[in-house]
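Data first, discussion second: the structure below is written as structure tokens.
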Amino acid sequence: MNIDADIKITVGMSTYNRPEFLKEAVCSVMQQTYRNFELIISNDYVETPVTIDSLGIEGDARIQIVNQDPNLGEIKNMNYLLDNAQGEWFVWLGDDDLFHPEFLMRAYQAIISNASSNIVGFFSHYRAASNPDGVFPQQLKGSKELYCDAPNFLMGYSSRKIALIGCYGIVQTAALRAVGGMHRLGNSFGPYSDTLVPILLLERGSLCWLNEDMIFLRTHSESLSCKSAEFSAYTTAEDDFLKSIDRVCSSKLVNIGAGKIIANMVRWFSADEWAVLHRDTSLGKFALFRKYIKYQISVNLPRLSIQNKITHIFFLFYFLGVRLLVALYRTLRTFIKNIVITN
């Protein structure tokens, strides 16, 4: 069922030299059952302009294409989209990801049903796929959205029980602008910038979350989250992120203790730190373990209260123990395979 309603949603799509993925992403927007939207595509790849013809679609008054020159960079490009949005509500979409056809509709229904509440954002669960050619599941479970006040959201989000992509929420445009859109964290490309968005929004109101796979997240070799081995990019972003957590938790609207939230985020960071170090081909296995453990002892543990220090130590024993067993298993399997081949 197609519905044209009075709430206009802006979809801001940043793109950089992914023409085939871009076509699919655009199609996922144009196939939405909720029709009152505008799509702004901001192309940051100067060498090859994006046009209606290059997208292989018919012209549509709802589509606006901007070819940036010079290149803005990812975060500035995303904020450009926000600055130029005409809709009362706004959502980003990367050029390599997809929306479920019902995504905007479910957001609209949540916005309408919570009209008397101070809801500033609607988020959903997502389906991650390491195979970029995977098919997005169309069948929905029929879940109802969960109303999340600040304490419940922060606990669920930081512990990853509420799983979402921070920049893929449909958010009040004015609220998103008021918190500054996307913030560059750390000294490089800004890991956790998207993760921070819903946390900052809690100073403006409450959030809705839907346990349905409404986002298809492609993880592939060209994704920064899959290829970056720049350890300092993550560690410096973590520092900025935790400062924001402290500030938000102490604000008048949120006003909760930050200790448990920070402990959850440190566990989140620890898993990412391992992944980043693991991608560094200059590190051998021993150097990898040594650098990781040193960072946990010198940086992450001092971030925590005594009780949370103990919990984090148990987490590290489990986390590293599993990875050590996997490494031993792979080494043993290779050893046995070589013996069989030799014989």
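Keep in mind that what you see is a predicted model, and the values were worked out from it rather than measured.
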Taking [Y]'s backbone N and O only, do any of them form a donor-acceptor pair with [X]'s side chain (distance below 3.5 Å, no angle check)?
X	Y	result
S54	V50	no
H183	L185	no
R18	D95	no
E238	Y192	no
N255	S250	no
K309	L301	yes
D149	N152	yes
S28	L98	no
N187	A237	no
N114	I119	no

Same cluster or not: are [X] and [Y] linked, directly or through other Ile, Leu, Val, Met, Phe, Trp or Tyr residues, by side-chain heavy atoms under 4.5 angstrom apart?
X	Y	value
V120	L253	no
L176	Y80	no
Y318	M265	no
Y157	V179	yes
Y234	I293	yes

Restricting to side-chain hydrogen bond (donor to acceptor under 3.5 Å, both in side chains), what partner residues turn up for E273, sequence neighbours left out?
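For E273 the side-chain hydrogen bond (donor to acceptor under 3.5 Å, both in side chains) partners, ignoring immediate neighbours, are Q296, N300.
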Between [X] and [Y], is any pair of side-chain heavy atoms under 4.5 Å apart?
X	Y	answer
M30	L39	yes
L93	V29	yes
T15	D44	no
T236	D240	no
K8	Q86	yes

Under 3.5 Å side-chain donor-acceptor pair for [X] and [Y]:
X	Y	answer
N308	S305	yes
S282	D280	yes
Y45	N71	no
Y147	S206	yes
N77	S14	no
E38	T10	yes
Y126	D213	no
E230	S188	yes

Between W268 and F241 (judged by ring centroids, cut-off 6.0 Å), do the two rings come close enough to count as a pair?
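Ring centroids of W268 and F241 are no less than 6.0 Å from each other.
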Is the F123 to W209 ring centre distance short of 6.0 Å?
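Not close enough - the centres of the two rings lie 6.0 Å or further apart.
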Donor-acceptor pairs under 3.5 Å, side chain of residues 196-203 to any protein atom, not counting sequence neighbours: which ones?
{"unit_1": "E203", "atom_1": "OE1", "unit_2": "R247", "atom_2": "NH1", "d": "2.9"}
{"unit_1": "E203", "atom_1": "OE2", "unit_2": "R247", "atom_2": "NH1", "d": "3.3"}

Show me, pair by pair, the donor-acceptor contacts under 3.5 angstrom made by side chains of residues 159-167, not counting sequence neighbours?
{"unit_1": "S159", "atom_1": "OG", "unit_2": "M155", "atom_2": "O", "d": "2.7"}
{"unit_1": "S159", "atom_1": "OG", "unit_2": "G156", "atom_2": "O", "d": "3.2"}

Between W274 and Y295, is the ring-ring contact (aromatic ring centres under 6.0 Å, His included) condition met? List the steps.
CA-CA 10 Å; W274 173 267; Y295 187 80; over 10 Å; no
Would R290 count as a cation-pi partner of Y292, with NZ or CZ less than 6.0 Å from the six-membered ring centre and within 45° of the ring normal?
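Judged by the rule, R290 and Y292 form no cation-pi pair.
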For the pair F122 and F103, name the ring-plane relationship: parallel under 30°, tilted 30 to 60°, perpendicular over 60°.
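Correct class here is tilted.
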For residues R106 and E212, report the shortest heavy-atom separation together with the two atoms involved.
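Smallest interatomic distance, heavy atoms only, reads NH1-OE2, 4.3 Å.
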